[in-house]
Amino acid sequence: MTHAVCPGSFDPPTLGHLDVIGRAAGLFDRVTVAVLVNPDKQGLFTIDERLELLRATTGRWPTVDLDAFQGLLVDYCRAAGISAIVKGIRAVSDFDYELQMAQMNHSLTGVDTLFLPTNPTYSFVSSSLVKQVAMFGGDVAPLLPDIFSSALQAKITTG
Ligand code: PNS
């Protein structure tokens, strides 16, 4: 059985993330979306909230499951029996760092990384830009599933 991971911060997930997750689900028997728990960086959404948002939008893919991880991604992959990492590439600017991480990860345990070119509709979308625009009152609703934009609005107004 082929088992891949879509790792990330997902703070919050965007339609770009979901596009990559759905396409990965078409390529692998099983896909785990793994949310990084980073004790050094407090996000806008808690890990549980991110998992909840992902749960609400990935149910359409029965072979996709969710998890959170701490530490090295390669250790998580080894423990879970995952042989491939799937990453979306939005632009050439993503590629330099992603290539470096892919090569480092491969050198550590032999795990491979597959890059999926992001759907051009979402090539300018990132979680950090979405948060920044929303915080200053911009409309990011077209870039997020409906339940995410209402959750983001609630976060910004009530914390
Ligand atoms: O959504 P992000 O923040 O771009 O995701 C980055 C992520 C979580 C995939 C990356 O930071 C990661 O793999 N972190 C885990 C720690 C690790 O393995 N670091 C070494 C990478 S070579």
Side-chain angles (χ1 to χ4, degrees), residues 2-25 27-28 30-58 61 63-135 140 143-145 147-149 151-152 155-156:
T2 56
H3 185 186
V5 64
C6 289
S9 303
F10 301 107
D11 184 37
T14 65
L15 283 172
H17 289 127
L18 290 177
D19 174 63
V20 170
I21 293 165
R23 286 159 65 200
L27 295 170
F28 293 89
R30 179 180 169 196
V31 171
T32 299
V33 181
V35 180
L36 173 69
V37 180
N38 185 350
D40 300 327
K41 197 169 144 200
Q42 208 206 332
L44 183 64
F45 289 90
T46 67
I47 300 297
D48 283 347
E49 287 168 338
R50 295 175 218 183
L51 288 168
E52 200 43 56
L53 290 171
L54 285 164
R55 193 165 294 118
T57 44
T58 57
W61 301 300
T63 54
V64 171
D65 52 65
L66 308 174
D67 201 1
F69 77 104
Q70 211 164 350
L72 286 180
L73 178 59
V74 290
D75 289 337
Y76 175 77
C77 289
R78 188 154 41 192
I82 289 170
S83 54
I85 298 165
V86 176
K87 291 286 196 77
I89 297 280
R90 288 167 297 198
V92 176
S93 50
D94 278 347
F95 188 70
D96 276 351
Y97 187 49
E98 291 294 344
L99 177 66
Q100 194 182 13
M101 283 200 290
Q103 290 171 328
M104 173 63 84
N105 285 333
H106 187 266
S107 81
L108 290 169
T109 62
V111 68
D112 264 317
T113 299
L114 278 88
F115 295 131
L116 289 184
T118 301
N119 182 329
T121 312
Y122 309 122
S123 62
F124 60 95
V125 179
S126 71
S127 299
S128 47
L129 265 189
V130 161
K131 281 185 286 193
Q132 191 184 98
V133 170
M135 273 170 197
V140 291
L143 311 176
L144 302 169
I147 65 148
F148 292 16
S149 25
L152 182 57
K155 262 288 166 198
I156 288 167

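Numbering of ligands and ligand atoms starts at 1, following listing order. Numbers for residues simply follow the sequence, beginning at 1.
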- line: Ranked by distance from atom 19 (N) of ligand 1, the top protein heavy atom is Leu72 CD2, 3.9 Å
message: Hydrogens and angles aside, do Asp48 and Thr46 bring a side-chain donor and acceptor to less than 3.5 Å of each other?
response: no
query: Is any side-chain heavy atom of Phe69 less than 4.5 Å from a side-chain heavy atom of Val5?
result: no
- line: If you compare Asn105, Val35, Leu36 by their heavy atoms, the one closest to atom 14 (N) of ligand 1 turns out to be Leu36
- line: In ligand 1, the atoms that come under 4.0 Å of a heavy atom of Met104 are 22 (S)
message: I need the Ser9 OG to Asn38 CG distance, nearest 0.5 Å.
response: 7.0 Å
query: What is the distance from atom CG of Leu36 to atom CG of Leu72, rounded to the nearest 0.5 Å?
result: 10.5 Å
task: With rounding to the nearest 0.5 Å, note down the distance linking OG1 in Thr57 to CG in Leu15.
output: 9.0 Å
query: What distance do Phe148 atom CZ and Glu52 atom CD have between them, rounded to the nearest 0.5 Å?
result: 10.0 Å
statement: One should read off an interatomic distance between Phe10 CZ and Leu53 CG, to the nearest 0.5 angstrom, of 11.5 Å
task: Starting from atom 6 (C) of ligand 1, find the nearest protein heavy-atom neighbour and note its residue, name and distance.
output: Gly8 CA, 4.6 Å
Ligand 1 contact by Ala34, heavy-atom criterion under 4.0 angstrom: no
- prompt: Any idea which of Ser9, Gly43, Gly88 brings a heavy atom closest to atom 3 (O) of ligand 1?
  reply: Ser9
task: With heavy atoms only and a cut-off of under 4.0 Å, state how Lys87 meets ligand 1: side chain, backbone, both or neither.
output: side chain
- prompt: Does the protein put a heavy atom less than 4.0 Å from atom 17 (C) of ligand 1?
  reply: yes
message: Counting non-hydrogen protein atoms only, what is the nearest one to atom 10 (C) of ligand 1? Give residue, atom name and distance.
response: Met101 SD, 4.2 Å
message: I'd like to know if atom 12 (C) of ligand 1 has any protein heavy atom within a distance of less than 4.0 Å.
response: no
- prompt: Who's the nearest protein heavy-atom neighbour of atom 15 (C) of ligand 1, and how far?
  reply: Gly71 O, 3.5 Å
message: I want to know if ligand 1 touches Leu73 in the polar sense, i.e. an N/O pair below 3.5 angstrom.
response: yes
- request: Can you sort out the partners of Phe115 under side-chain contact (heavy atoms from CB on, under 4.5 Å), two or more places apart, ordered by chain and number?
  value: Lys87, Ile89, Phe95, Glu98, Ala102, Thr113
